[in-house]
Amino acid sequence: MGDWKAAIRRDKYLYLLILPGVLYFLMFQYAPMWGIALAFQDYSPFLGFWHSDWVGFEHFRTFILHEDFPILLRNTLGINFLNLLFFFPAPIALAIMLNELRSVKFKRFVQTTIYLPHFMSWVVIVGICYLILGQGEGIINKIISDYGGDKVDFLTNANRFWTMLTAQSIWKDAGYGTIIFLAALTGINPELYEAGQIDGANRWQKIRYITIPGIKSTIIVLLILRLGSLLSVGFEQVYLMTSAPVASVADVFDTYAYRVGVQQGNFSFATAAGLFKSVVGLVLVIGADRMAKKFGEEGVY
Amino acid sequence: MNQRWKRTLLPFLAAATIAVAGCGSNEKEANPSQSNRPEEKAQAPVEITVLAPTYGESTPSDIERIQKLNEKLNVKMNITFAPSNNYQDKLNAVLATNDLADITVVWDPSNHAWANAIAQGAFWDLTPYIKDYPNLSQIPESIYNVTAINGKLFGIPRVRPTDGHEAIIIRKDWLDKLGLPVPQTTEEFTEVLEAFTKNDPDNNGKADTYGIGASGSPIPQTYLLSMFNGPFGFAPMFGFVKDDSGRLTPRIASQETRDALSYWQAQYKAGYFAPDFPVMKGTQPFDLFIQNKVGMVITNINQVIGPPDWQTELRKSVPDAVVQAIELPAAADGKRYYEKASGSFGILMINKKVPEEKLKKILEVMDYTSTQEGFLLVASGIEGKDYEVPNPKLPLVTKPSEAAAALNSQHNQWIPGYFNKYLRAESGLWSDEMNDYSHQLVDSIEKQSVLDLSLGITSVTWNEQNADWSKKINDMIVNVIIGKNTVEDWDQLIRKLQSEPAWDKIVQEVNESYSSRNNQ
């Protein structure tokens, strides 16, 4: 008892220093969590938080049994698996390639260029996409038809929609994603490369046996965290790219929650849908973490 | 020790100071009236607060035109503007916190939260008062009918013209070049579509033009269906028609809607639509028109005055281009179908907390600002200083001075406005003949246009289904037109919606409200 009092007294300035951070988390991260209770209520703004009817798991049941649920699940998982397969490895490959560059000037130049798209909003990126891929005035289709090809319906073909989203994500964020891997790469002991050199390893072998194992734990941590958002798709991007012809493959949990929750004013239902996503995400993160530990990796916590 | 303490705390102190300073300046701004006006007149002016949307910046309430209004009516207007792009959120916030101004501009009083507040008596029922105000009682009965909620008037409508928002804007020079008459029937309209697409009206030797430019995102242009069928899209469940038994039935389930879809599907398949129809948004087809790519678009009669002015822009590359507004073609039954607009956009609702004496003063302000004089004063400012009237025959078409232009898009938001049925059909840039022609066009449309029977009726069940069903219906319309889905898929969607309990409930609610409205 007296121990922690003494400990606080001893380090009181340190505690004072973290106080704003703790307060921030209490006020803005933990306190609003009580709002989750909305998911179990039939919330009405007029009755308010304390007087709305308690309905238990009713909203979850309607959500999961809803006829659109399988389509929403398919689209969400489809988009995310494509992202996992192509978008997740992209920054790793880029970082390794950057790491192999010997001209510092050129490396800096490439880095700056590929970071740039990250700072553009989705509105701009989708706008650019429409401009260059449209069938009327789009430059790509102009080129195709000038060479005698048939115009391609990039924007309105449901079969290409998921690929389109993944390609956009890669273009926007793969460059920026390299930062964390480049940081991990600097942590690899240069002696290992020198030893490899003496043993006669070529570049490819050095990447294969030194670089990749060196950043493996970083990759795994990021992959585990990434699994946590397996049921979330960037709302802005999908919402902006949606049009009638692709609607059947573009409706995901987030757009559905927006439509039902915000546009139709059914707050409880939207909260339930959001909570469902988070719970699934949490289960996935914990599961993946256990798996990683089983295979002898460090895991997240 | 002391030094270290200071170093730790300094950033927080700085942050706290900034925060306190921020609060202080806000307070000062919030109460300018107390400090600025110590002297009181014999009878103190009535202070009236207003919440209104702004499409530009928010302007102060002490500019010259408002001061003139204040003096004339012995009031003190205090108008708060909120940005239009999240105005609905702002409205919901003031309602939830019970922080209502005396006058509130409400875009959609049938919105769930507002319908509740009205039912709970948060606003004045203005029905018995209107007759005492000569100008307010001049507003056409039909506009009040659509604005009323369960037969009671909870706000003064912000009036808008009822006709002139749908006409075909056509390249008259293309028509003449190809030797075609102005299309009067659907067959002639189809011929024009074909000729504009295939017969190289721009004489460049390539078939690179299109009959019509239309937008399909985020929702398809409603005119595509309304021109075969009557008003479509703006009432509960896209609107209702009377069947033989006198009962209202949803228009989406009608044979005419189905026919319209298969008509447009055929035209799209033939290539008469400008490409990218499903992803094109509101004004994008207009750009194609100005670029000499499409021959027809359907929009407001005076949309062409821009900016940019369509004809002037076109003539930069095509010196003999002629842009003209014409009537929609007649449908298969030989009738032209126009939708009549509700005649208002949003209503001005008055807080029930306002005492009756003040209510009368507020209505006096509303009454004055719905006259031509009052409307021009608040919306345009002072003649000669803030604006000029380029054509004395059109006193309502004003040309603002540069300084006044920025203010105009805001102060016209909180007044009922003067009802000018030609608002969408006149321009200071046009010749007298052009304005006369457009006026006649509006007169002709006005005789033929019909108001959707269910417009202004609130269906609780529809409000619950609206976002989800509208998306399904709108997506299907676009997909049928572009041929991704068949007309049979449309039938199937309608059958599926019909099989849901909500369908019958909506139809029942609309019919009940309709008959109770008509029995009053």
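The sequence lines fix the lettering, A, B, ..., with proteins before strands; numbering per chain opens at 1.
Here the side chains of A:Asn157 and B:Lys484 are not in contact, with every heavy-atom distance at 4.5 Å or above.
Chosen from A:Ala244, A:Ser248, A:Ser243, the residue pairing most often with chain B at heavy-atom distances under 4.5 Å is A:Ala244.
Both the backbone and the side chain of B:Pro278 come within less than 4.5 Å of a heavy atom of chain A. Heavy-atom distances place both the backbone and the side chain of B:Asp468 under 4.5 Å from chain A. If you measure heavy-atom distances from B:Gln465 to chain A, the contacts under 4.5 Å come from the backbone alone.
Among pairs with a residue in residues 138-166 of chain A, none fulfils ring pair (Phe, Tyr, Trp, His ring centres under 6.0 Å), at least two apart in sequence or across chains.
Other residues, nucleotides and ligands contribute over 12 non-hydrogen atoms within 6.0 Å of the CD atom of B:Glu500. Under a cut-off of 6.0 angstrom, the local environment of CG in A:Asp150 is sparse, with at most 12 non-hydrogen atoms contributed by other residues, nucleotides or ligands. Within 6.0 Å of atom CE in A:Met27, 12 or fewer heavy atoms from other residues, nucleotides or ligands are found, so the atom counts as exposed in its surroundings. For B:Lys505, the NZ atom counts as loosely surrounded, since its 6.0 Å shell holds 12 or fewer non-hydrogen atoms of other residues, nucleotides or ligands. A 6.0 Å sphere centred on CH2 of A:Trp34 holds no more than 12 heavy atoms belonging to other residues, nucleotides or ligands. Residue A:Phe69 qualifies as enclosed at atom CZ: its count of foreign heavy atoms under 6.0 Å is above 12. The 12-atom threshold is exceeded at NZ of B:Lys352, counting heavy atoms of other residues, nucleotides or ligands nearer than 6.0 Å.
In terms of modelled atom types and a separation under 3.5 Å, the side chain of B:Asp276 and the main chain of A:Gly134 share no donor-acceptor contact. Between the side chain of B:Asp475 and the backbone N or O of A:Ala247 there is no donor-acceptor pair closer than 3.5 Å.
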Checklist entry - Going through the distances and angles, do A:Thr156 and B:Val279 end up as a side-chain contact (heavy atoms from CB on, under 4.5 Å)? => result CA-CA 8 Å; A:Thr156 53; B:Val279 294; 3.8 Å; yes

Item to check | Criterion side-chain contact (heavy atoms from CB on, under 4.5 Å) on A:Tyr130 and B:Lys281, from CA distance to verdict | outcome: CA-CA 11 Å; A:Tyr130 273 49; B:Lys281 298 191 167 56; 4.2 Å; yes

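Remark: B:Lys472 engages A:Asp68 in a salt bridge, criterion side-chain N to carboxylate O under 4.0 Å.
Listed here is the closest heavy atom pair of A:Pro245 and B:Val478: CD-CG1, 4.4 Å.
Taken from CD in A:Glu137 to CD in B:Gln284, the straight-line distance is 10.5 Å, to the nearest 0.5 Å.
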